Colleague: 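I have a structure here, written as structure tokens, and I will follow up with some questions on it.
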Amino acid sequence: MVTIIKDEKKIFLSRPHSINGDSEVDSPKSIQRISSLFKNIKPGFDLTNFKLPPLFNLPKSHLQCYGETVYCMGTDMLSRCNQADSPVDRFISVVAWNISTLRPPIFGFAPYNPILGETHHVSRANLNVLLEQISHHPPVSALHATDEKQKIQLIWCQQCVPKFNGIAVVNEVRGKRQLKLLSRGETYEMNSPDLLIRILPTPGVDWDGDVRIRCPENGLEAELHYGHKSFLGLRGSHRSVKGKILETSTKRTLFEFNGNWDRTVTMKDNASRKLTVIYNAEEVYSGLKTPIVNDLQGVLSTESAAVWSELSEALMRHDWEKANEAKNAVEEKQRELLRERESKGETWVPQHFTLTRNKDGVWDCLPIHQWVPPAPIIVPLS
């Protein structure tokens with residue numbers, strides 16, 4: 001972890017998630033303690049506004065966790081997407097990069113729910129990443145990342161809808177993700193798997209569900225399925241992923257792949273029958289660096305690492321009384337700002353994105369600026 005204090009500005013940055021989870025938290029909480037959180041909650045209940053005690057929090061915000069999936073990698077999988085010469089090879093690289101954006105969740109812990117207008121701005125080499133919490137009720141997060149040298153742009157709009165079904169929490173991840181290779185004239189659209197948190201009978205947490213990646217410009221698409229063990233743990237594969245790449249027009253399958261997103265994924269060429277490892281988790285997770293502050297004066301007051309610094313420090317000290325005070329202070333400040341806006345008849349507007357919602361209730365966002373500027377927080381390369 002990194003804590004910086006200067007001129008009454010405090011920044012707290014914790015280590016990124018590793019292949020085995022986050023080493024800066026205690027061992028998972030007991031199933032009895034976790035089950036007690038849901039004793040008065042009926043199946044089907046929407047947990048969007050559920051308040052989690054600090055005891056169950058990771059020392060970072062959801063925005064930081066989203067950002068880490070883009071800027072914290074041992075190998076630059078994103079640049080590879082643009083470097084391949086053929087459309088097919090670029091599509092395979094996009095599939096591998098998409099798999100690399102998953103991070104191992106930790107049973108019994110969750111990040112902080114971002115406050116309205118919270119931001120997270122980090123750079124890794126030429127990749128500049130900016131996130132903003134563009135809605136609080138419902139919680140919607142936006143991400144814009146650009147590499148001007150490689151002519152790469154990422155735009156994500158994400159809303160999590162957690163519901164309790166009696167034995168598990170199913171966290172549905174809604175929203176569209178776009179990867180644009182501007183020099184190639186290609187846009188790849190994709191979604192995210194859901195997060196399944198099993199409470200009974202066997203506790204655990206896994207990414208689960210179907211992901212579709214499509215690129216209209218090259219006429220290819222991919223279907224991925226993320227799997228988990230059954231509730232009894234008798235069948236299914238832990239952290240598995242399998243799928244295929246096919247031509248959109250003919251639906252002809254070109255490649256099939258199978259493996260585990262926390263280990264390796266192998267692809268079979270249906271024409272040549274050749275097998276190739278397209279993803280190796282050790283390459284992605286090896287040598288992950290904790291972000292550092294490069295320009296303290298440039299850190300915004302809305303930066304996640306600043307908003308939650310007092311709470312994160314208290315969590316690391318196991319000072320639960322201070323942690324509760326710090327969390328309540330952040331929430332009370334937001335209530336005060338809301339009352340102030342309402343008294344003035346003002347409507348909050350995102351600073352970095354435009355926000356729309358269609359008739360089906362699906363949120364979408366567009367960045368206001370074409371390129372994300374270099375950030376005051378950086379990821380060391382060595």
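Remember, predicted model here, so these are calculated numbers, not experimental data.
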Colleague: Can you tell me which residue pairs pass the ring pair (Phe, Tyr, Trp, His ring centres under 6.0 Å) test with a partner in residues 264-310, sequence neighbours excluded?
Modeller: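 Only Tyr112-Trp308 qualify under ring pair (Phe, Tyr, Trp, His ring centres under 6.0 Å).
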
Colleague: Is Glu172 salt-bridged to Lys163, cutoff N-O under 4.0 Å?
Modeller: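 A salt bridge is absent here (no side-chain N lies under 4.0 Å from a carboxylate O).
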
Colleague: Regarding Arg339 and Glu332, does a basic nitrogen lie under 4.0 Å from an acidic carboxylate oxygen?
Modeller: yes

Colleague: With distance as the sole test, does Trp371 use its side chain to make a donor-acceptor pair with the main-chain N or O of Asn128 at under 3.5 Å?
Modeller: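 No: the side chain of Trp371 does not pair with the backbone of Asn128.
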
Colleague: Evaluate Gln153 against His144 for side chain to side chain donor-acceptor pair (under 3.5 Å), listing each step before the verdict.
Modeller: CA-CA 7 Å; Gln153 183 182 50; His144 185 208; 3.0 Å; yes

Colleague: Calculate, to the nearest 0.5 Å, the distance between atoms NE2 and CD1 belonging to His121 and Ile378 respectively.
Modeller: 12.0 Å

Colleague: Hey, is NZ on Lys251 packed in by over 12 heavy atoms from elsewhere, all under 6.0 Å?
Modeller: yes

Colleague: Using the rule that two of Ile, Leu, Val, Met, Phe, Trp, Tyr join whenever any of their side-chain heavy atoms come within less than 4.5 Å, decide whether Ile167 and Phe164 are in one cluster.
Modeller: yes

Colleague: So, applying side-chain contact (heavy atoms from CB on, under 4.5 Å) with Leu220, which one of Val94, Val88, Val95 is it?
Modeller: Val88

Colleague: Show your reasoning for whether side-chain contact (heavy atoms from CB on, under 4.5 Å) applies to Val284 and Met73.
Modeller: CA-CA 5 Å; Val284 174; Met73 290 191 182; 4.2 Å; yes

Colleague: Within a 6.0 Å radius of atom CD on Gln351, are there more than 12 heavy atoms belonging to other residues, nucleotides or ligands?
Modeller: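 Not more than 12 within 6.0 Å, no.
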
Colleague: Do Trp156 and Leu366 land in one hydrophobic cluster if side-chain heavy atoms of ILVMFWY residues count as linked below 4.5 Å?
Modeller: no

Colleague: Please check: side-chain N/O of Asp319 versus main-chain N/O of Lys322, any donor-acceptor pairing under 3.5 Å?
Modeller: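 Such a contact is found between Asp319 side chain and Lys322 backbone.
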
Colleague: Within the distance-only criterion (no hydrogens, no angle test), does the side chain of Ser123 pair as donor or acceptor with the backbone N or O of Ala375 below 3.5 angstrom?
Modeller: yes

Colleague: Identify, with sequence neighbours excluded, every residue that meets ring pair (Phe, Tyr, Trp, His ring centres under 6.0 Å) alongside Tyr188.
Modeller: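 Tyr188 satisfies ring pair (Phe, Tyr, Trp, His ring centres under 6.0 Å) with Phe91 only.
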
Colleague: Under the 3.5 angstrom rule, does the side chain of Arg103 hit a backbone N or O of Ser100 as a donor-acceptor pair?
Modeller: yes

Colleague: Who pairs with Ser183 by side-chain contact (heavy atoms from CB on, under 4.5 Å), at least two apart in sequence or on another chain?
Modeller: Asn82, Lys151

Colleague: Are the side chains of Ser192 and Val211 in contact, using a 4.5 Å heavy-atom criterion?
Modeller: no

Colleague: How many angstroms lie between atom OG of Ser304 and atom CD1 of Ile377, to the nearest 0.5 angstrom?
Modeller: 8.5 Å

Colleague: Does the side chain of Leu58 reach to within under 4.5 Å of the side chain of His17, using non-hydrogen atoms?
Modeller: yes

Colleague: I'd like to know if Val293 and Leu131 are part of one continuous hydrophobic network [Ile/Leu/Val/Met/Phe/Trp/Tyr, side-chain heavy atoms within less than 4.5 Å].
Modeller: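 They do share one cluster, since a chain of ILVMFWY contacts under 4.5 Å joins Leu131 to Val293.
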
Colleague: Between Asp85 and Arg90, is the closest basic N to carboxylate O distance under 4.0 Å?
Modeller: no

Colleague: For Arg273, what residues pass the salt bridge (charged side-chain N to carboxylate O under 4.0 Å, His left out) criterion, not counting sequence neighbours?
Modeller: none

Colleague: Can you confirm whether the side chains of Asn258 and Lys268 place a donor and an acceptor under 3.5 Å from each other?
Modeller: no

Colleague: For Gly108 and Phe56, which heavy atoms make the closest approach, and how far apart are they?
Modeller: O-CD2, 3.5 Å

Colleague: Using 4.0 Å as the upper bound for N to carboxylate O, is an ion pair formed by Glu313 and Lys10?
Modeller: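 A salt bridge is present here (some side-chain N lies under 4.0 Å from a carboxylate O).
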
Colleague: Taking it one step at a time, do Tyr226 and Asp206 satisfy side-chain contact (heavy atoms from CB on, under 4.5 Å)?
Modeller: CA-CA 9 Å; Tyr226 291 93; Asp206 280 299; over 6 Å; no

Colleague: Is the backbone N or O of Met77 less than 3.5 Å from a side-chain atom of Thr75, with the two atoms forming a donor-acceptor pair by type?
Modeller: no

Colleague: Examine Leu181 and Val372 and state if one hydrophobic cluster contains both, with Ile, Leu, Val, Met, Phe, Trp and Tyr joined whenever side-chain heavy atoms are less than 4.5 Å apart.
Modeller: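 In one cluster: no.
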
Colleague: Applying side-chain contact (heavy atoms from CB on, under 4.5 Å), run through Thr356 and Thr354 and close with a yes or a no.
Modeller: CA-CA 7 Å; Thr356 59; Thr354 58; 5.7 Å; no

Colleague: Heavy-atom count around Glu331 CD within 6.0 Å, excluding the residue itself: above 12?
Modeller: yes

Colleague: Not counting sequence neighbours, list each pair that qualifies as a side-chain hydrogen bond (donor to acceptor under 3.5 Å, both in side chains) and has a residue in residues 61-73.
Modeller: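 Output for this query lists Lys60-Glu68, Ser61-Glu118, Tyr66-Gln158, Tyr71-His120.
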
Colleague: Should we count CD of Glu346 as having more than 12 external heavy atoms under 6.0 Å?
Modeller: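 Atom CD in Glu346 is packed in, count exceeds 12.
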
Colleague: Begin from the C-alpha positions of Gln133 and Ser141 and carry the test side chain to side chain donor-acceptor pair (under 3.5 Å) through to its verdict.
Modeller: CA-CA 5 Å; Gln133 190 69 8; Ser141 306; 2.6 Å; yes

Colleague: Could I get the full list of ring pair (Phe, Tyr, Trp, His ring centres under 6.0 Å) partners for His352, not counting sequence neighbours?
Modeller: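 Partners of His352 by the ring pair (Phe, Tyr, Trp, His ring centres under 6.0 Å) criterion come out as none, since no residue qualifies.
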
Colleague: side-chain contact (heavy atoms from CB on, under 4.5 Å) for Val379 and Val122? Distances and angles first, verdict last.
Modeller: CA-CA 7 Å; Val379 179; Val122 178; 3.7 Å; yes

Colleague: Grouping I, L, V, M, F, W and Y whenever their side-chain heavy atoms are under 4.5 Å apart, do Val169 and Leu200 come out in a common cluster?
Modeller: yes

Colleague: Is there a side chain to side chain donor-acceptor pair (under 3.5 Å) between Glu303 and Thr119? Walk through the geometry before answering.
Modeller: CA-CA 5 Å; Glu303 164 62 44; Thr119 59; 4.8 Å; no

Colleague: Of all residues at least two apart in sequence or in a different chain, which pass the salt bridge (charged side-chain N to carboxylate O under 4.0 Å, His left out) check with Lys344?
Modeller: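 In terms of salt bridge (charged side-chain N to carboxylate O under 4.0 Å, His left out), with neighbours along the sequence ignored, Lys344 is linked to Glu340.
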
Colleague: Holding to side-chain contact (heavy atoms from CB on, under 4.5 Å), I want the full list of residues that pass it with Ala110, two or more places apart in sequence or in another chain.
Modeller: Leu52

Colleague: Could you tell me which residues satisfy side-chain contact (heavy atoms from CB on, under 4.5 Å) with Asp147, sequence neighbours excluded, listed by chain and number?
Modeller: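 With sequence neighbours excluded, Asp147 shows a side-chain contact (heavy atoms from CB on, under 4.5 Å) to Ser79, Asn126, Leu127, Lys149, Gln150, Ile152, given in chain and number order.
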
Colleague: If the condition is side-chain contact (heavy atoms from CB on, under 4.5 Å), which residues does Ser286 pass it with, not counting sequence neighbours?
Modeller: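 Testing Ser286 for side-chain contact (heavy atoms from CB on, under 4.5 Å), a comparison that skips the adjacent residues, returns none.
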
Colleague: Please report the shortest heavy-atom distance between Pro193 and Leu102, naming the atom on each side.
Modeller: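 Scanning both residues, the minimum pair turns out to be CG-CD2, 3.9 Å.
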
Colleague: Identify whether the distance between the nearest side-chain nitrogen and carboxylate oxygen of Lys180 and Glu186 falls below 4.0 Å.
Modeller: no

Colleague: Mind checking ring pair (Phe, Tyr, Trp, His ring centres under 6.0 Å) for Phe255 and listing every partner two or more places apart, or none if nothing turns up?
Modeller: none

Colleague: Is any side-chain heavy atom of Asn260 closer than 4.5 Å to one of Val265?
Modeller: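 Result no, sub-4.5 Å side-chain heavy-atom pair not found.
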
Colleague: Can you tell which of Arg212, Arg177, Arg174 makes a side-chain contact (heavy atoms from CB on, under 4.5 Å) with Asn191?
Modeller: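 When Arg212, Arg177, Arg174 are each tested with Asn191, the side-chain contact (heavy atoms from CB on, under 4.5 Å) holds only for Arg212.
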
Colleague: Does anything in residues 362-382 form a salt bridge (Lys or Arg N to Asp or Glu O under 4.0 Å)? List the pairs, not counting sequence neighbours.
Modeller: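 Counting only pairs at least two positions apart or across chains, the salt bridge (Lys or Arg N to Asp or Glu O under 4.0 Å) contacts touching residues 362-382 are Lys176-Asp364.
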
Colleague: Please confirm whether the backbone N or O of Arg252 pairs with a side-chain atom of Thr250, one donor and one acceptor, at under 3.5 Å?
Modeller: yes

Colleague: May I ask you to say whether Arg239 pairs ionically with Asp262, meaning some side-chain N is under 4.0 Å from a carboxylate O?
Modeller: yes

Colleague: Ring centres under 6.0 Å, that's the criterion: do His318 and Trp320 meet it?
Modeller: yes

